[in-house]
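Here's the structure, in structure tokens; my notes come after.
All heavy atoms count here, side chains included; hydrogens, waters and symmetry mates do not. The shown structure was predicted, so the numbers you read here are calculated from the model rather than taken from an experiment. Below, chain A is the first sequence line, B the second, and so on; all start at residue 1.
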Amino acid sequence: MQLSEHEVLRRQALEELINLGINPYPADLFEVNDNSVRIKTDFEKDAAHYEGRTISLAGRIMSRRDMGKAAFVVIQDSVGKIQLYIKRDDICPGEDKQLYDVLFKKLLDLGDFIGVAGYVFRTKTGEISLHVQHLKLLSKALKPLPVVKEKEGEVFDAVSDVELRYRQRYVDLNINPHSKEVFIQRSKLVMSMRNFLNSKQYVEVETPILQPLYGGAAARPFKTHHNTLDMTLYLRIANELYLKRLIVGGFDGVFEFAKDFRNEGMDRFHNPEFTQMELYVAYKDYYWMMDLVEEMVEKICIDLYGKTEVQVGEHIINFARPWKRFTMFEAIQHFTGIDISAMDEAALRATAKELHVPIDNTMGKGKLIDEIFGEKCEAQLIQPTFITDYPVEMSPLAKKHRSKDGLVERFEAICNGKEICNAFSELNDPIDQRKRFEEQLELGKRGDEEAMMLDEDFLRALEYGMPPTAGLGMGIDRLCMILTNSHSIQDVLLFPQMRPEKTME
RNA sequence: GAUUCCGUAGCUCAGCUGGUAGAGCAUAACACUUUUAAUGUUGGGGUCUUGGGUUCGAAUCCCAACGGGAUCACCA
């Protein structure tokens with residue numbers, strides 16, 4: 001591998017360090033007793049508190065301004081940056097000035113980790129800084145980080161190459177504070193949701209990722225093989241059928257933050273592996289679940305931002321309860337002016353054509369309705385909105401509507417023109433469920449690659465009896481995109497799927 | 001999978017209708033003991049993603065491959 005000029009120089013520095021008896025990767029612990037952000041806020045509030053105290057910090061050198069026998073260095077720790085003032089005669093009080101003249105001036109580079117100890121003070125220009133009295137190299141960096149400069153909030157030479165940001169996330173996180181912030185928010189989002197569900201006494205569980213039959217959603221799976229059992233296994237596309245088995249088993253409420261895998265196209269809303277939170281609660285229905293979703297998402301938003309509104313692109317989205325609720329028919333009527341609720345297949349087909357909705361002859365009644373909704377309504381729903389009562393054909397795991405023929409008790413929450421969750425009153429009639437699976441098998445035979453498989457064990461479980469249950473699947477990545485105003489799913493995934501890099505030899 | 005745009009130094013970018021590569025930062029050397037996009041002086045650094053083609057001559061024009069973005073299709 002061809003080394004760049006920078007890399008050659010850093011390797012030379014590494015050797016010189018070793019020759020000087022300085023371990024560039026020391027094993028002994030460097031004790032840290034504060035961090036960059038806390039120092040700045042605390043010193044601002046109460047400078048006297050820092051009187052006579054020795055503070056030790058560790059971090060990465062991000063910039064340096066060398067001025068002969070003194071220098072200003074900015075280091076970055078996990079929470080932020082702070083300036084150090086390093087004076088030669090302070091870190092080298094005796095005759096031997098090697099630590100400053102050689103180690104600091106010649107052998108330390110941007111990106112190296114150092115540990116420092118000293119006292120906090122304010123410089124002439126007012127910046128709270130650490131006056132360094134002890135300096136130690138903690139880890140040498142052999143590759144240079146891109147240098148991003150900043151003045152009065154304006155950022156210069158920010159890395160704009162998204163490919164580098166996604167492939168080398170470790171670099172991105174170091175040089176792009178916003179990027180790191182997104183992942184901290186994601187962590188808070190998950191924590192907030194988990195706390196909410198825990199507070200309701202639901203049980204967090206783990207179910208198989210490797211499944212002999214994939215089910216619970218309409219999607220193409222990843223297929224793999226188990227050698228010892230000599231059998232085909234699939235990476236789960238959903239965990240729905242396993243969680244419902246647990247409801248059969250007597251849990252009142254179970255949930256799982258699940259990585260699911262779908263072998264389909266990739267774009268700014270889709271990654272082959274993604275995260276869903278699925279929740280099933282016994283003795284509840286989809287109306288109840290709508291209330292819970294509103295309550296949960298509103299709470300998450302407040303936990304993250306202290307308010308219910310977030311800026312998403314050009315819109316301000318408000319998650320305050322209650323959210324708007326439309327049946328699918330009402331939504332279509334609202335956005336097209338056409339009432340399709342009583343239409344038969346032929347009339348629907350004619351309406352779709354009239355509305356310039358692309359359709360084909362294989363589409364049945366349910367699919368036609370779904371297409372019209374998808375084309376004419378979904379993108380226009382910016383504020384969080386529940387769409388309810390879907391055609392039965394699209395929802396083989398949902399319970400038939402208590403009063404509306406041909407529909408199921410299902411809702412999706414749409415926000416910023418995209419689905420963020422999907423829920424239903426779960427189908428718990430084993431006879432009906434078998435029929436629905438059989439219809440799926442028919443679709444599969446006709447070439448629908450996303451048709452569901454018939455899961456005999458799941459049916460057996462239902463035959464033992466499942467209480468009435470409300471179920472929910474919530475796209476964590478999608479929700480995170482909205483709550484962090486991220487344009488692409490890749491911005492909320494630490495390591496989004498990428499094609500292999502050319503060669504790295 | 002389709003359409004379209006992009007690929008020049010470690011990073012951010014110039015490079016016109018083809019004439020043999022440029023800046024800022026970073027880096028190296030020297031100076032500077034309160035600077036902050038530090039500063040001053042002087043250097044080094046590029047198979048212009050890869051492979052073909054057109055041409056006397058290609059970073060530039062054409063074709064293909066690879067990688068990335070956007071839009072569309074499938075989907076969450």
Side-chain angles (χ1 to χ4, degrees), chain A residues 2-10 12-13 62-74 81-91 100 105-106 109-111 121-127 129 131 141-168 171 175-176 216-220 237-238 260-278 358 374 378 412-414 418-422 448-450 473-479 481 487-490 496 498-503:
Chain A
Q2 193 66 42
L3 292 180
S4 71
E5 179 196 5
H6 296 92
E7 291 171 304
V8 170
L9 288 163
R10 282 168 184 242
Q12 286 169 6
M62 297 307 281
S63 69
R64 55 189 290 169
R65 292 175 287 280
D66 239 308
M67 299 181 313
K69 294 176 184 61
F72 290 92
V73 170
V74 174
K81 295 180 183 173
I82 189 164
Q83 180 173 263
L84 310 177
Y85 179 54
I86 301 180
K87 203 151 92 165
R88 187 179 76 170
D89 296 336
D90 283 352
I91 65 166
Y100 186 88
K105 281 190 86 165
K106 304 282 182 194
D109 292 298
L110 300 188
F121 76 114
R122 198 186 282 273
T123 66
K124 257 189 211 166
T125 50
E127 180 155 349
S129 309
H131 190 126
L142 296 183
K143 279 179 177 294
L145 288 172
V147 177
V148 180
K149 300 229 172 184
E150 197 182 324
K151 187 187 188 182
E152 284 151 17
E154 204 182 338
V155 176
F156 300 83
D157 297 340
V159 171
S160 57
D161 179 2
V162 291
E163 186 176 354
L164 186 150
R165 292 187 41 227
Y166 299 152
R167 283 195 199 280
Q168 302 185 42
V171 171
I175 60 177
N176 187 351
R220 274 143 58 197
I237 58 173
D260 292 338
F261 305 83
R262 299 190 185 173
N263 206 341
E264 291 174 340
M266 291 162 60
D267 59 32
R268 75 187 182 93
F269 291 104
H270 300 89
N271 193 67
E273 60 180 281
F274 66 103
T275 305
Q276 263 202 106
M277 194 287 294
E278 291 201 33
E378 195 166 15
E412 291 188 358
I414 315 280
K418 279 278 167 188
E419 174 191 343
I420 58 169
C421 75
N422 181 18
D448 185 344
E449 288 183 86
E450 292 173 352
M474 181 158 252
I476 299 297
D477 312 289
R478 293 275 177 87
L479 183 62
M481 281 172 70
H487 176 75
S488 165
I489 195 169
Q490 297 175 111
M498 301 286 274
R499 284 198 166 80
E501 269 181 280
K502 261 174 249 175
T503 36

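One P atom belongs to B/C11, the other to B/G19, and the distance between them is 26 Å to the nearest Å. Separation of the P atoms belonging to B/C48 and B/U41 is 32 Å when rounded to the nearest angstrom. The P atoms of B/U55 and B/U12 are separated by 37 Å, rounded to the nearest whole Å. Annotation: B/C66 and B/C30 have their C1' atoms spaced 45 Å apart (nearest Å). Rounded to whole Å, the separation between the P atoms of B/C32 and B/A37 comes to 23 Å. Comparing B/A9 with B/G18, their C1' atoms sit 23 Å apart, to the nearest whole Å. The gap from the P atom of B/G22 to that of B/C62 amounts to 25 Å, rounded to the nearest Å. B/U47 and B/A28 have their C1' atoms separated by 25 Å, given to the nearest Å.
At the heavy-atom level, A/Ala158 lies under 4.0 Å from the strands shown only through sugar-phosphate atoms. Heavy atoms of A/Ile420 sit nowhere under 4.0 angstrom from any nucleic acid atom. At a threshold of 4.0 angstrom between heavy atoms, the contacts of A/Glu152 with the nucleic acid are absent. Within the 4.0 angstrom heavy-atom criterion, only backbone atoms of the sugar-phosphate kind lie near A/Gln490; the bases stay farther away. Counting non-hydrogen atoms under 4.0 angstrom, A/Lys106 reaches the backbone sugars and phosphates but no base. A/Ser160 comes within 4.0 angstrom of the backbone, heavy atoms only, and of no base. Across all strands shown, A/Asp267 has heavy atoms under 4.0 Å from base atoms, whether or not it also approaches the sugar-phosphate. Among the heavy atoms of the strands, none lies under 4.0 Å from A/Asn422. Residue A/His131 is out of contact with every strand shown, counting any heavy-atom pair closer than 4.0 Å. Among the heavy atoms of the strands lying under 4.0 Å from A/Arg499 are primed sugar atoms or P, OP1, OP2 only; no base atom is included. Contacts of A/Tyr100 with the nucleic acid, taken as non-hydrogen atoms under 4.0 Å apart, are absent. The residue A/Gly265 sits close to a base: some heavy atom pair falls under 4.0 Å. Across all strands shown, A/Glu150 has heavy atoms under 4.0 Å from sugar-phosphate atoms exclusively, and none from any base. Nucleic acid contact for A/Arg220: none, since no nucleic acid atom lies under 4.0 Å from a heavy atom of the residue.
Side-chain contact between A/Arg165 and A/Asn176: present, with at least one pair of heavy atoms (C-beta onward) separated by less than 4.5 Å. Put simply, the side chain of A/Ile237 does not reach to within 4.5 Å of the side chain of A/Asp260, judged on heavy atoms.
The residue among A/Ala70 and A/Val148 whose nearest nucleotide of RNA chain B is located toward the 5' end is A/Val148. Across the interface with RNA chain B, nearest-nucleotide mapping of A/Val147 and A/Glu273 shows A/Val147 to be the residue nearer the 5′ end.
The distance between atom CG of A/Asp157 and atom P of B/C11, rounded to the nearest whole Å, is 12 Å. The nearest whole Å value for the distance from the NE2 atom in A/His6 to the P atom in B/A9 is 13 Å. Straight-line distance from the CZ atom of A/Phe269 to the C1' atom of B/C72: 13 Å, rounded to whole Å. Separating the CE atom of A/Met67 from the P atom of B/U34 is a distance of 5 Å, rounded to the nearest angstrom. Rounded to an integer number of Å, the gap from A/Met498 CE to B/G7 P is 17 Å. Between A/Arg64 atom CZ and B/C32 atom C1' there is a gap of 14 Å when expressed in whole angstrom units. Spacing between atom CG of A/Asp161 and atom C1' of B/U8 amounts to 13 Å, rounded to whole angstrom units. To the nearest angstrom, P of B/A37 lies 13 Å from CZ of A/Phe72.
Under a 3.5 Å cut-off, the side chain of A/Tyr100 and the backbone N or O of A/Ala70 do form a donor-acceptor pair. In this structure a side-chain-to-backbone donor-acceptor pair under 3.5 Å is present from A/Arg10 to A/Ala141. When atom types are taken as modelled, the side chain of A/Arg64 and the backbone of A/Ala71 share no donor-acceptor pair closer than 3.5 angstrom. Under a 3.5 Å cut-off, the side chain of A/Lys105 and the backbone N or O of A/Gly68 do form a donor-acceptor pair.
Expressed to the nearest 0.5 Å, how far NZ of A/Lys87 lies from NZ of A/Lys69 amounts to 13.0 Å. Taking CZ of A/Arg65 as the start and CD1 of A/Ile86 as the end, the distance is 11.5 Å to the nearest 0.5 Å.
Base pairing of B/A70: its partner is B/U3, meeting the Watson-Crick or G-U wobble criterion (both donor-acceptor distances under 3.5 Å). Look at B/A38: it lacks any Watson-Crick or wobble partner with both distances under 3.5 angstrom. If you check B/C25 for Watson-Crick or wobble pairing at under 3.5 angstrom, you find it paired to B/G10. Both distances falling under 3.5 Å, in either a Watson-Crick or a G-U wobble arrangement, occur for no nucleotide opposite B/U33. A 3.5 Å limit on both hydrogen-bonding distances identifies B/G19 as the Watson-Crick or G-U partner of B/C56.
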| Can you list the steps and then say if A/Thr123 with A/Gln83 is a side chain to side chain contact (heavy atoms under 4.5 Å, CB included)? | CA-CA 10 Å; A/Thr123 66; A/Gln83 180 173 263; 3.7 Å; yes
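Each of B/A70, B/C11, B/U34 was ranked by its minimum atom distance to the side chain of A/Arg268; first place goes to B/A70. If you check B/C11, B/U35, B/G10 against the side chain of A/Ser4, the one that comes closest is B/G10. Each of B/A70, B/G68, B/U34 was ranked by its minimum atom distance to the side chain of A/Ser488; first place goes to B/A70. In this structure, the nucleotide among B/U33, B/A73, B/U27 sitting nearest to the side chain of A/Lys69 is B/U33. Minimum atom distance to the side chain of A/Glu163 is reached by B/G67, of the listed B/G43, B/U71, B/G67. For A/Asp66, whose side chain is taken as the heavy atoms from C-beta onward, the closest listed nucleotide among B/G69, B/U34, B/C32 is B/C32. Of the candidate nucleotides B/U33, B/A37, B/C32, B/C32 has the atom nearest to the side chain of A/Lys105.
When the side-chain nitrogen and oxygen atoms of A/Arg65 are compared with OP1 and OP2 of B/A38, one or more of them lie within a distance under 4.0 Å. Side-chain N/O atoms of A/Lys151 include none lying less than 4.0 angstrom from OP1 or OP2 on B/A38. The shortest distance between the side-chain N/O atoms of A/Thr123 and the OP1/OP2 oxygens of B/U35 is not below 4.0 Å. At B/A26, one or more side-chain N or O atoms of A/Lys149 fall inside 4.0 Å of OP1 or OP2 (strictly under the cut-off). Proximity of A/Arg167 to the phosphate of B/G68: a side-chain N or O atom is located under 4.0 Å from OP1 or OP2.
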